[in-house]
Amino acid sequence: QVQLVESGGGLVQAGGSLRLSCAASGIIFSRAVMGWYRQAPGKQRELVAAQASGGSTDYADSVKGRFTISRDNAKNTVYLQMNSLKPEDTAVYYCNAKRDIGANYWGRGTQVTVSS
């Protein structure tokens with residue numbers, strides 16, 4: 001079975017940094033598009049960042065220049081480095097894996113809270 005486990009969330013003051021990790025198992029990690037989504041209370045889940053197996057990346061406009069997605073295929077892990085955090089970044093962050101065959105998987109999420 002596919003399992004995605006996020007870690008690294010927590011409470012941080014505005015301007016601070018956090019690094020999220022997502023460990024994947026039960027999936028051919030190197031072939032998957034990995035992404036980070038977030039959902040704040042009362043809002044829809046939105047894409048934060050994604051990275052294809054070849055290395056190309058996409059970011060939400062709101063995080064460009066502040067967040068960086070990366071992956072270590074040898075460790076089956078994807079990361080989200082978050083710098084210059086803002087209160088608006090407060091949300092539950094979810095790891096996502098998508099295969100070209102159409103399969104789509106989600107982690108349970110990790111809470112990120114940014115205080116002003």
Side-chain angles (χ1 to χ4, degrees):
Q1 70 284 1
V2 176
Q3 186 173 355
L4 305 176
V5 181
E6 302 97 334
S7 62
L11 175 64
V12 65
Q13 289 187 314
S17 298
L18 285 173
R19 190 193 192 201
L20 306 183
S21 298
C22 172
S25 61
I27 189 172
I28 304 176
F29 185 84
S30 61
R31 299 182 186 178
V33 176
M34 302 301 299
W36 289 95
Y37 290 71
R38 67 186 181 188
Q39 187 166 24
K43 296 184 178 180
Q44 293 184 324
R45 188 171 299 185
E46 64 174 347
L47 174 69
V48 177
Q51 185 169 40
S53 60
S56 61
T57 58
D58 287 300
Y59 295 93
D61 288 340
S62 60
V63 307
K64 287 181 179 177
R66 299 189 297 121
F67 291 10
T68 302
I69 188 171
S70 62
R71 61 196 291 163
D72 187 337
N73 288 342
K75 296 181 179 179
N76 285 6
T77 301
V78 62
Y79 306 94
L80 184 68
Q81 179 66 47
M82 305 185 294
N83 299 324
S84 302
L85 283 161
K86 304 175 181 179
E88 307 93 89
D89 297 318
T90 296
V92 177
Y93 284 70
Y94 297 91
C95 181
N96 172 263
K98 187 177 298 182
R99 286 289 314 279
D100 54 4
I101 60 175
N104 196 31
Y105 306 97
W106 296 92
R108 292 183 177 181
T110 185
Q111 177 70 47
V112 172
T113 302
V114 185
S115 62
S116 59

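Just so we're clear, the structure is a prediction, and the values are computed from it rather than from any experiment.
- Shown here for A24 and L4, the closest heavy-atom pair between the two residues is CB-CD2, 3.5 Å.
- Here CE of M82 is found 11.0 Å from OG1 of T68. Values are rounded to the nearest 0.5 Å.
- Contacts of T90 classified as side chain to side chain contact (heavy atoms under 4.5 Å, CB included), with partners at least two apart in sequence or in another chain: Q111, T113, V114.
- Across D89 and Y93, no two heavy atoms sit closer than the pair O-OH, 2.6 Å.
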Tell me which donor-acceptor pairs under 3.5 Å the side chains of residues 53-60 have, and how far apart each pair is, sequence neighbours excluded?
{"residue": "Y59", "atom": "OH", "partner": "I69", "partner atom": "N", "Å": "2.9"}

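- The number of heavy-atom neighbours closer than 6.0 Å to CD of Q13, taken from other residues, nucleotides and ligands shown, is 12 or below.
- Linking ILVMFWY residues whenever their side-chain heavy atoms come closer than 4.5 Å, directly or via other members, leaves V33 and I27 in distinct clusters.
- To the nearest 0.5 Å, the span separating CG on L85 from OG on S116 amounts to 13.0 Å.
- What you find for G109 and E6 is that their closest heavy atoms are N-OE1, 2.9 Å.
- Distance alone, capped at 3.5 Å, places no donor-acceptor pair between the Q3 side chain and the S25 backbone.
- Contact of the N96 side chain with the W36 side chain is not registered, since no non-hydrogen atoms from C-beta on lie closer than 4.5 Å.
- The backbone N or O of G16 sits nowhere less than 3.5 Å from a side-chain atom of N83 that would complete a donor-acceptor pair.
- Counting all heavy atoms, side chain and backbone alike, Q39 lies closest to A91 at O-CB, 3.4 Å.
- Residues S17 and Q81 meet the side-chain proximity criterion, which asks for heavy atoms closer than 4.5 Å.
- Here the OH atom belonging to Y37 is positioned 9.5 Å from the CZ atom belonging to R45, to the nearest 0.5 angstrom.
- Across every non-hydrogen atom of D72 and F29, the tightest pair is O-CE2, 4.0 Å.
- Atom-to-atom distance recorded for M34:CE and Q51:CD is 10.0 Å, nearest 0.5 angstrom.
- At least one donor-acceptor pair under 3.5 Å links the side chain of R66 to the backbone N or O of S84.
- Without hydrogens or angle criteria, R31 side chain to R99 main chain gives no donor-acceptor distance under 3.5 Å.
- With values rounded to the nearest 0.5 angstrom, L18 atom CG is found 8.5 Å from L11 atom CG.
- Qualifying salt bridge (Lys or Arg N to Asp or Glu O under 4.0 Å) partners for R108, counting only residues two or more places apart in sequence or in other chains: none.
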Exercise for the section: May I have the step-by-step check of salt bridge (Lys or Arg N to Asp or Glu O under 4.0 Å) for D61 and K64, ending in yes or no? Expected result: CA-CA 5 Å; D61 288 340; K64 287 181 179 177; 3.1 Å; yes
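- Between Y94 and W106, the ring planes are perpendicular. Angles over 60° get that label, and only those under 30° would be called parallel.
- Residue C95 comes nearest to V78 through the heavy atom pair SG-CG1, 3.9 Å, listed as atom of the first residue, atom of the second, then distance.
- In this structure the side chain of T110 never reaches within 4.5 angstrom of the side chain of V92, judged on heavy atoms.
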